[in-house]
Structures are given as structure tokens and as C-alpha cells.
2 protein chains.
Amino acid sequence: MQRMTRQRIAVTSLMESLDDFRSAQQLHDDLKERGDAVGLATVYRTLQSLADSGIVDVLRIEDENVYRMCKRTGHHHHLVCRNCGTTEELAGLEVEDWAKKIAREHGFVEVDHTLELFGLCANCAAE
Amino acid sequence: MQRMTRQRIAVTSLMESLDDFRSAQQLHDDLKERGDAVGLATVYRTLQSLADSGIVDVLRIEDENVYRMCKRTGHHHHLVCRNCGTTEELAGLEVEDWAKKIAREHGFVEVDHTLELFGLCANCAAE
DNA sequence: TTATCTGCAAAGTATTTGCATAATG
DNA sequence: CATTATGCAAATACTTTGCAGATAA
């Protein structure tokens, strides 16, 4: 159902070489610089499809979506440096348990949650 | 620094009478219906100012900001019914502690976090 | 009085979509 | 070859902003 087009390969390979979250526009620019230009709409469509398949993570930061290939499979959270973008993936079992407990207490079912941590990493704090 | 204009009073009083999160556009419509029309830009500006003062909470749901007067003062989270919008405010001390612990373990400082729970409330689940 | 607020319409921005063309399987 | 993907530009939708006139203190 997914064709391996030059564009999809370009996006995927670029993202594999990166370690921080980037916006669709940034990725679009990166690709152009690499001499592997892909239309902006296609970048958006590809990212959406990769996100739907759980291949990339999406975070919303300051009015825009940013994307990154994910390391950890399944549900997880992030600890993102608000200065340099360095990101750690977290399991957060305690939080899952807490969310379940709270949901039960309030009579809610099918509870889902969003959780992200933002701060300054050791490097950036040292400056 | 904040003048008590007719518009600011209208927005505040409307929000005090509501119990769920609403978008700026919805509030703008509500005001018109009430016969107390306020320009959309003013609604946005007022909500932003109220949010900055910590008087209203802002949540981002499906590409738009939604606002509600907050009950609990200080930092807290929400458990929102994705069907009817009913919202419970939560303290979540366990989560705060967890976030601090994780931050310390990774050498991050000045850590902040976002956390929201979404589910179906008892009423909506019963249907 | 005068600094701040309002309303309108125009601008801005990230993202999506229509459609003709290109390329995959 | 049939179907799906691409690229461009135009369309969306929410939100912000410039500015002249109105208003609270």
C-alpha cells in the first residue's frame, strides 16, 4: 500500500540521520540542501503517513508540529531540551499507573494521555 | 493595567457561567447570541490576557485552543471527556515527583511538563 | 486628558487539498 | 497498465496585527 518512491526514501533516510525533532519545513529545507528536493506537500504527506504507522513521533512545540524517528516502540514520552532539542525517550510506567488509577477514580474509561517534559539538558545548563 | 471594559466583563462573565472548554470562536458566537457581541479579535486578546494571568486554562485540542475558567489555582492537569467535554481538574503530585526524579536522572534542570488525560466519562460510556 | 482597548479588515502561518502529470508495482 | 504518489498553487482555518476611532481612569 506504500510505494517506495524517491521522495519517501529521501525523507526516511534524512530522518534516520537526525537525532532531534524538526518541523516539516525544516526537513523540506534540509532535503533541498542535500540536493534531494521534495515538494513541501509531499513532505507533509509522508510525515503524516510515517506518524500514522508509528514510525515517527510528533510533538507540538510552539504552534508547529515537529517530527523525529522514534527509537522506542510503543507508547512513550519525551524529555526535550528546550534549548538544543536533544531528546530522551522515557517509559514512565509510574505515570501510566497513575493515569489508570485517576481514570478509575473518576469513572472514566478508554483513557489516553499526553505527557511531555521540557527543560535544559546538562550541556545547555552549563553554559 | 487592565481596564474593565464592557468586553472584558462580558467574556469573563460568560466564562464563569460555563463549565467546559470552548474555543475562541465558540465564545464569540455565545456572546453574540447573548446580545453582548464582542469582536473576535478582542475575544482572542482577552483570552490570551486571562490565560497569561492564570485565570483561564488553555488546552490544545484538534488544531485549536480551547479555554475554560480554572477552579484550582496553581499548576494542575485535566481529565477531559472526549465526547461531552466534561472536565475534572487534577493535582497529580505523583506526576510532579516523577517528573522531578526523571529530570534529575538525566541531568536536566528547569523542567516543566505538559500532561492531559482524555477519555470517556461515566455518562458518555453508559450510552 | 491620555494611555489603553476595540473593531474591522487585512495579513500571517502552518497545514491541507484539487488536479493534471509522473512513476511504481 | 492500473493505481497510487507528486508537485504546484490555491484554499483552509485559526490566530495575530495595523490602525483609526472609542473609552476607562
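Chain A is the first sequence line, chain B the second, and so forth, proteins listed ahead of strands; every chain is numbered from 1. Computed from a prediction, not measured in an experiment: that's the story for all the values here. Because only heavy atoms are used, hydrogens play no part in the values below, and waters and symmetry mates are left out as well, while side chains stay in.
Considering only side-chain N and O atoms, N65(A) lies nowhere under 4.0 angstrom from the phosphate OP1 or OP2 of dA14(C). For dT4(C), the OP1/OP2 oxygens have no side-chain nitrogen or oxygen of T5(B) closer than 4.0 Å. Applying the 4.0 Å criterion to OP1 and OP2 of dG7(C), one finds that T42(B) has a side-chain N or O inside that range. Residue Q7(B) has no polar side-chain atom (N or O) positioned under 4.0 Å from OP1 or OP2 of dA22(D). Phosphate contact (OP1/OP2 of dC5(C), side-chain N/O of Q2(B), threshold under 4.0 Å): present.
Note: CZ (R22(A)) to C1' (dA14(C)) measures 19 Å, nearest angstrom. Between the CG atom of L50(B) and the P atom of dC5(C) there is a distance of 12 Å, rounded to whole Å. Computed from coordinates, the I61(A) CD1 to dA14(C) P distance equals 14 Å when rounded to whole Å. If you take CD of E62(B) and C1' of dT15(C), they are 15 Å apart, rounded to a whole angstrom. Remark: C1' of dT6(D) and CE of M4(A) are 15 Å apart, rounded to the nearest angstrom. In this structure, L59(B) places its CG atom 17 Å from C1' of dC14(D), rounding to the nearest Å. Note: NZ (K32(A)) to P (dG7(D)) measures 12 Å, nearest angstrom. Residue H28(B) contributes atom NE2, which lies 17 Å from atom P of dA13(D) at whole-angstrom precision.
From L18(B), atom CG reaches atom CG of D20(B) across 6.5 Å, with rounding to the nearest 0.5 Å.
For a distance-only test at 3.5 Å, the side chain of R3(A) qualifies as a donor-acceptor partner of the base of dT3(D).
The side chain of R45(B) approaches dC19(D) more closely than any other nucleotide in the set dA9(C), dC19(D), dG18(C). Set against dG7(D), dT15(D), dT15(C), the side chain of L40(B) has dT15(D) as its closest nucleotide.
Aromatic ring centres of F21(A) and H78(A): separated by under 6.0 Å.
Map A37(A) and D63(B) each onto its nearest nucleotide of DNA chain D; the residue landing nearer the 5' end is A37(A). Nearer to the 5' terminus of DNA chain C, by closest-nucleotide assignment, is the contact made by R8(B) (compared with the other of R8(B) and Y44(A)).
Side-chain contact of H77(B) with E88(B): a donor-acceptor pair under 3.5 Å is absent, judged by distance alone. Side-chain atoms of T114(B) and R60(A) include no donor-acceptor pair closer than 3.5 Å. Side-chain polar atoms of R8(A) and T42(A) form no donor-acceptor pair below 3.5 angstrom.
In this structure, R6(A) reaches the sugar-phosphate backbone alone: every heavy-atom distance under 4.0 Å involves primed, P, OP1 or OP2 atoms, never a base. Within 4.0 Å of Q48(A), counting heavy atoms only, lie sugar-phosphate atoms of the nucleic acid but no base atom.
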